[in-house]
Colleague: 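Dropping the structure in here first, questions after.
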Protein chains: 2
Amino acid sequence: MKRQITIKDIAIKLGMSTSTVSRALRDHPDISPKTRAAVKELAALLGYRPNRIALNLRSNSTRTIGLIIPEIEHYFFSAIINGIEEIAYKNDYSVMVFQSNESYKREVNNTQAVLTNRVDGVLVSFSKETRDFSHFQKLIENEIPVVFFDRVTDELRADQVVSDDYQGAFLAVNHLIEKGCRRIAHFAAPQHLALGKGRLSGYHDALLKHNIPFNNDLIFHADTFETSRKVALSVLKKAERPDGFFTVNDMSAIAIIKAAKEVGLSIPKDVKVVGYENSKSAALSEPELTTIDQYGYELGREACLMLLKRLRENDLPAKPEKKVIRTKLVVRSSA
Amino acid sequence: MKRQITIKDIAIKLGMSTSTVSRALRDHPDISPKTRAAVKELAALLGYRPNRIALNLRSNSTRTIGLIIPEIEHYFFSAIINGIEEIAYKNDYSVMVFQSNESYKREVNNTQAVLTNRVDGVLVSFSKETRDFSHFQKLIENEIPVVFFDRVTDELRADQVVSDDYQGAFLAVNHLIEKGCRRIAHFAAPQHLALGKGRLSGYHDALLKHNIPFNNDLIFHADTFETSRKVALSVLKKAERPDGFFTVNDMSAIAIIKAAKEVGLSIPKDVKVVGYENSKSAALSEPELTTIDQYGYELGREACLMLLKRLRENDLPAKPEKKVIRTKLVVRSSA
DNA sequence: AAAATTAATGCAAACGATTGAAATAAACGT
DNA sequence: ACGTTTATTTCAATCGTTTGCATTAATTTT
């Protein structure tokens, strides 16, 4: 980088001290209008811009927030990042992005990186592998505000922003039942994630409401396209096949639709499917997918707003806040 | 943030000067093994980590790269970010993300932000609105290495990493012709983007190779789902409708497939479609979309590698480099 | 034993900005 | 005319680290 203009350059050229220049630029009342004008003029002429690094060092803050996220290449997360960046931008913060790639080890590295980069606060959605949270605990011990979103834990004293998984699942399963389904399979997320538990519980309670017995044989662990396809193929071939599916994400749902077609079943006539996420793909599948909108963009915004609030208050949460983002049933043709 | 352990803390506790501590930590040969061990032990015990901001100030570098991108919420770009972050991570750089949201004004702001944050280098894919490049010129004048990717311009002396748009388009159109198409429409990107021109030219030359006359009436400007749907609906209703479509991205292609179905045409029998991008949605559409894989992940990696190379060499490109990433035809069922 | 060499450590400036306190200069009251 | 305000400006320390040079202590050479 080219040598940048400093306050000292201006001071020398104008034959005054750096303090005067500094004060003039920030409209300190002690400075006479004449010198203030002179300083500002020269500063503009030379294209002076304050050195943020020096400011960072002095203020011990970077106006930067760290974002630790499993993978960007996933519609839901990219929608969240979009929301986060939006709020950060409006508040003159910058966002540093770190991907864990669903790897615990890498996530631990990410927390180190976030520490060495001295970010002011951190937004985290942890990896599927993560069971131990001491690396995040270390952030908290360093009094760096941390807000967890989507993938959260109660083991740490930290704010949370989550989608209303219970409500979303309830809406989805209730819809399937109202459309006539009685044997509803659930393709579930890992149960160590709160969202996995929440959705299962929403599924459970929707059945309960309609007096349909809960059957554990209808719960499958499948949260990727490939495994969902395989599981669906085997399940759909059985005599007692489900007449409805509620999945953890849209990819799984679309995999089921594909599998159903493959074995000659018609959707939504023979089998009904409700996904989760409302990704771009949901509107493109054939038939178009009924799904739960998670408002990823809004979730990102709220998470960032909560973090900024903590940064402003400059306190660690005595009692952590938990914000729940509504969900919405988007009815299309698959159920 | 909690007050962090500094070199001074260690120095005082050990009754020595900060210089000695600093040198001990960096294994300077002048330091005796005994004091070195003592320093390192205490540093580890106290959990000392060097203050990156202070280092930044001294070295005048931040080990951070700025990324200016139209929108994250788009498969191609998120794949690119993934590749960029991967390389940055491996080389101990951090990535700051700035979205332009396809807005010229915001993009100008992004370049300011990148400047005040004193990033070491910048990766840019500019917005559709951008016709004037003086904001990027300012970066270059400040001798900040800039690498453009995907959306590039020859107006600036800067490195470029692009997808082989000509080849991709040629492959796509050639495929359509070999499958029997003779009236091939092209849903094109804005022609002020180099990628728009490149693809049009690939389209043109593929026709030429098979002695099919170029017909300007078959070129449409449509690069979103909605406009593509509308254009396709009107075009497909005409008597002289195209028998093949080559689009600028997968969304447009899927819009055409939907429109074709709507007017009762069968794919690929009546109309064949080739998209561009190989997004996740491409594999999910019905029929599955034949498309051009752009290797977004690889493109991101290469762009980042090129930037890091410049940073290492610490020179501005006397002659800018241009790296072209191959493309691949992915044949599925739509053509 | 004095001089010269080597080893180990400390001093102080620097990176760019801010800021409390001190200093200077101008203006005022009596 | 002289002390007292008031207005402006400068000094110097600070943020945390690195590093050229000086310093001190220990060791070797003659």
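When reading the values below, keep in mind they use all heavy atoms of this one structure, side chains included, and skip hydrogens, waters and symmetry mates. The sequence lines fix the lettering, A, B, ..., with proteins before strands; numbering per chain opens at 1.
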Colleague: Among B:Lys322, B:Lys309, B:Lys323, find the one that has a salt bridge (Lys or Arg N to Asp or Glu O under 4.0 Å) with B:Glu302.
Modeller: B:Lys323
Colleague: Any base atoms under 4.0 Å from B:Arg23, or only sugar-phosphate, or nothing? Heavy atoms, all strands.
Modeller: base
Colleague: Hey, could you give me each pair passing salt bridge (Lys or Arg N to Asp or Glu O under 4.0 Å) that has a residue in residues 113-138 of chain B? Not counting sequence neighbours.
Modeller: B:Lys128-B:Asp223
Colleague: Within the 4.0 Å heavy-atom criterion, would you say A:Thr20 contacts the bases, only the backbone, or no part of the nucleic acid?
Modeller: base
Colleague: Given that B:Asp30 and B:Arg58 both sit by DNA chain C, which one's nearest nucleotide is further toward the 5' end?
Modeller: B:Asp30
Colleague: Can A:Thr62 and A:Asn56 be said to form a side-chain hydrogen bond (donor to acceptor under 3.5 Å, both in side chains), step by step?
Modeller: CA-CA 5 Å; A:Thr62 52; A:Asn56 288 347; 5.7 Å; no
Colleague: Does the plane of the ring in A:His135 sit parallel, tilted or perpendicular to the ring in A:Tyr104? Use 30° and 60° as the thresholds.
Modeller: perpendicular
Colleague: Closer to the 5' end of DNA chain C via nearest nucleotide, is it B:Leu57 or B:Val21?
Modeller: B:Val21
Colleague: Can you give me the first and the last nucleotide of DNA chain C (5' to 3') that has an atom within less than 4.0 angstrom of a non-hydrogen atom in chain B?
Modeller: C:dA8 to C:dG16
Colleague: In this structure, how many angstroms lie between the C1' atom of D:dC15 and the CD1 atom of B:Ile5, rounded?
Modeller: 16 Å
Colleague: I'd like to know if the side chain of B:Gln99 pairs up with that of B:Arg106 as donor and acceptor (distance under 3.5 Å, no hydrogens or angles considered).
Modeller: no
Colleague: Measuring from the side chain of A:Ser19 (C-beta onward, heavy atoms only), which nucleotide among D:dT9, D:dC11, D:dC21 has the closest atom?
Modeller: D:dC11
Colleague: Looking only at side-chain N and O atoms, does B:Gln160 offer a donor or acceptor that is under 3.5 Å from a partner on B:Asp154?
Modeller: yes
Colleague: How bent is the helix from C:dA1-D:dT30 to C:dT30-D:dA1, measuring the angle between the end axes built from five pairs each, rounded to 10°?
Modeller: 70°
Colleague: Within the structure shown, what part of the strands sits under 4.0 Å from A:Thr35 by heavy-atom distance: base, sugar-phosphate, or nothing?
Modeller: sugar-phosphate
Colleague: Rounding to an integer number of Å, can you tell me how far B:Ile10 CD1 sits from D:dG16 C1'?
Modeller: 12 Å
Colleague: Determine whether B:Asp9 and B:Arg3 satisfy the following criterion, salt bridge (Lys or Arg N to Asp or Glu O under 4.0 Å), listing intermediate values before the conclusion.
Modeller: CA-CA 11 Å; B:Asp9 296 324; B:Arg3 196 185 155 288; 3.0 Å; yes
Colleague: In whole angstroms, how far is the P atom of D:dA7 from the CZ atom of A:Arg36?
Modeller: 13 Å
Colleague: Starting from the 5' end of DNA chain D, give me the residue, A:Ala54 or A:Met16, whose nearest nucleotide shows up first.
Modeller: A:Met16
Colleague: In whole angstrom, what separates B:Arg26's CZ from D:dG20's P?
Modeller: 13 Å
Colleague: Provide, to the nearest angstrom, the distance between the NZ atom belonging to A:Lys8 and the P atom belonging to D:dT10.
Modeller: 15 Å
Colleague: If only side-chain N and O atoms count, and only distance matters, is there a donor-acceptor pair under 3.5 Å linking A:Asn110 with B:Tyr89?
Modeller: no
Colleague: Take atom CD1 of A:Ile12 and atom P of D:dT10, then tell me their distance rounded to the nearest Å.
Modeller: 13 Å
Colleague: Taking B:Arg310 first and then B:Glu313, would you say they form a salt bridge - that is, a charged N and a carboxylate O separated by under 4.0 Å?
Modeller: yes
Colleague: For A:Asn51, report the nucleic acid contact type (base, sugar-phosphate, nothing); a contact means any heavy atom under 4.0 Å.
Modeller: sugar-phosphate
